[in-house]
There are 2 protein chains.
Amino acid sequence: MLTIGNLAKRTGTKVQTIRYYEQVGLMPEPGRTDGGQRRYGDAELDRLSFIRHARQLGFSLDAIRELLDLSDHPARSCEEADAIARRQLKQVKQRMARLELLRVELERMIEECSGGQAADCRVLEVLRDHAECLTDHEGIGT
Amino acid sequence: MLTIGNLAKRTGTKVQTIRYYEQVGLMPEPGRTDGGQRRYGDAELDRLSFIRHARQLGFSLDAIRELLDLSDHPARSCEEADAIARRQLKQVKQRMARLELLRVELERMIEECSGGQAADCRVLEVLRDHAECLTDHEGIGT
DNA sequence: CTAAAACCTCGAGCCACTGGAGGTTCAACC
DNA sequence: GGTTGAACCTCCAGTGGCTCGAGGTTTTAG
């Protein structure tokens, strides 16, 4: 039987985060000691590992909910899990493309910085000059 | 004189976002009509363009505040602006490296998906199998 | 003059946590 | 058995950067 702190250590999660997952229904309500402290078994350890791994892969909590549901019903089609993963991959690729544009522009800005007064600073100039703006108006979409 | 809606269109911003920027002190309080509606001039258009461009480059609102402060005082050193840009570039590179790892793992997952029942699905298996976990415990850091 | 589009304020909600206050329980050691 | 002190508990608030909605007012075109 694991305390919440040990479960946290084993999965690289913060204690508060585990309680949060319980609150939003991703983790089940665990058993408690007489004093009211949570105690976890192997099933919960596995489930939390699954969640953390999926988070590291960038899945949203909603997507993880779907995946957990799927893995609780192994007779259902694999296609759903595949679709979720593909959606995720698409997002990752989009973010990378966006970041690549930013990287290029930032490097140019830094390279052209004269090191003098702010009045001559290319960093500020590039940001100020609307003509050099990326043409789309999408924002960066964290 | 621009209405808030026109300013929004010209800069690719939502109206609410402009009001939000005013609320957090990034945009100044503009003049108003007798009826109380905001009216903007060219200075505000420039300032908002600056902000939007910086956002597209991934700068946080705090960083933008610093940059605006800098560009309001052009006699000060360029080094600060340069440092901010460099910090930003570092972050962008880190995010890209992280995303590249995710991309590889997601592609492997999808490629190995058997297309059958969830019970045989590699996507779920990879997520379930703790041994295939990325070794570090950093999370994805949006 | 009227209709409707655009504006106003205020407040709440989103995601995925994170931190803190203030109090209780557990485990180890003497 | 008693005493620490680390770990636990609940509850609430805050983060960033918006975004939406309700319910009401102003502006503008016809």
Side-chain angles (χ1 to χ4, degrees), chain A residues 1-27 29-40 44 48 50-68 88 91 95 98 137-142, chain B residues 1-27 29-40 44 48 50-68 88 91 95 98 137-142:
Chain A
M1 284 298 167
L2 290 163
T3 63
I4 196 170
N6 286 336
L7 181 62
K9 247 174 236 156
R10 290 249 228 142
T11 55
T13 316
K14 297 214 172 186
V15 166
Q16 293 107 310
T17 305
I18 298 175
R19 290 198 279 249
Y20 169 75
Y21 287 161
E22 183 183 328
Q23 203 184 311
V24 298
L26 270 183
M27 288 292 288
E29 291 187 25
R32 302 265 186 158
T33 63
D34 290 347
Q37 297 195 357
R38 291 167 179 83
R39 286 300 120 96
Y40 295 93
E44 283 95 344
L48 185 54
F50 184 106
I51 295 169
R52 292 312 289 175
H53 195 181
R55 283 295 297 141
Q56 281 169 359
L57 286 170
F59 290 91
S60 72
L61 293 192
D62 270 353
I64 293 171
R65 229 184 293 274
E66 289 184 77
L67 288 168
L68 281 167
Q88 203 56 33
Q91 272 187 25
R95 285 188 214 170
R98 186 80 58 93
H137 274 150
E138 280 185 50
I140 73 152
T142 61
Chain B
M1 280 300 165
L2 290 164
T3 64
I4 196 169
N6 286 337
L7 180 62
K9 248 173 235 158
R10 289 249 229 143
T11 55
T13 316
K14 298 214 168 185
V15 167
Q16 293 106 310
T17 305
I18 298 175
R19 289 199 280 249
Y20 169 75
Y21 287 162
E22 183 183 328
Q23 203 184 311
V24 299
L26 269 183
M27 289 292 288
E29 290 187 27
R32 302 266 186 157
T33 62
D34 290 349
Q37 297 194 357
R38 291 168 179 82
R39 287 298 120 98
Y40 295 93
E44 283 95 346
L48 184 54
F50 185 106
I51 294 170
R52 293 310 291 176
H53 195 180
R55 284 295 297 142
Q56 282 169 359
L57 286 170
F59 291 93
S60 71
L61 294 191
D62 271 353
I64 294 171
R65 229 184 295 272
E66 288 183 78
L67 288 167
L68 280 166
Q88 206 55 33
Q91 270 186 25
R95 282 188 219 171
R98 186 82 56 97
H137 275 150
E138 279 184 51
I140 73 152
T142 57

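Worth saying up front: this structure is predicted, and the values here are computed from it rather than measured. Within every chain, numbering begins at 1; the chains are lettered A, B, ... in the order of the sequence lines, protein sequences first and strands thereafter.
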Can a side chain N or O of T33(A) be found less than 4.0 Å away from OP1 or OP2 on dC26(C)? yes
Rounded to the Å, how far apart are I4(A) CD1 and dA6(D) C1'? 15 Å
Separation of Q37(A) atom CD from dC26(C) atom P, in whole Å? 5 Å
On a heavy-atom basis, the closest approach of T13(A) and L48(A) is OG1-CD2, 4.0 Å
Check whether any side-chain N or O of R32(A) sits under 4.0 Å from OP1 or OP2 of dT24(C), and answer yes or no. no
Heavy-atom nearest nucleotide on DNA chain D taken for S60(B) and for G35(B); more 5' hit belongs to S60(B)
Return whichever of R39(A) or Q16(A) has its heavy-atom-nearest nucleotide of DNA chain C closer to the 5' end. Q16(A)
Of all heavy-atom pairs between K14(B) and A8(B), which one has the smallest distance, and what is that distance? C-CB, 4.3 Å
Give R38(B) one of three labels, base, sugar-phosphate or nothing, depending on what nucleic acid heavy atoms sit under 4.0 Å from its own. sugar-phosphate
side-chain N/O Y21(A) vs dC17(C) OP1/OP2, d < 4.0 Å: yes
For the pair made of NZ in K14(A) and C1' in dT15(D), what is the distance, rounded to whole Å? 14 Å
d(CD, Q23(A); C1', dC14(C)) in whole Å: 15 Å
Rounded to the nearest 0.5 Å, how far apart are CZ of R52(A) and OG1 of T17(A)? 6.0 Å
Reported OG1-to-CZ distance for the pair T33(B) and R39(B), which is rounded to 0.5 angstrom: 5.0 Å
What is the distance, to the nearest angstrom, from the CD atom on E29(B) to the C1' atom on dC8(C)? 14 Å
Start with the C-alpha gap between R10(A) and Y40(A), add the side-chain angles, then the distance that decides, and say whether side chain to side chain donor-acceptor pair (under 3.5 Å) holds. CA-CA 12 Å; R10(A) 290 249 228 142; Y40(A) 295 93; over 6 Å; no
Between CD1 of I64(B) and P of dG17(D) the distance, given in whole Å, is 8 Å
Answer yes or no: does a side-chain N or O of R55(A) lie under 4.0 Å from OP1 or OP2 of dC17(C)? yes
Just how far, in rounded Å, is C1' of dT28(D) from CG of D34(B)? 16 Å
Candidate nucleotides dC17(C), dC7(C), dC18(D), ranked by approach to the side chain of T17(A) - the nearest: dC17(C)
Please state how far atom CZ in R19(A) lies from atom P in dA13(D), giving the value in whole angstrom units. 18 Å
Taking 4.0 Å as the cut-off, does a side-chain nitrogen or oxygen of Y20(B) come that near to OP1 or OP2 on dG16(D)? no
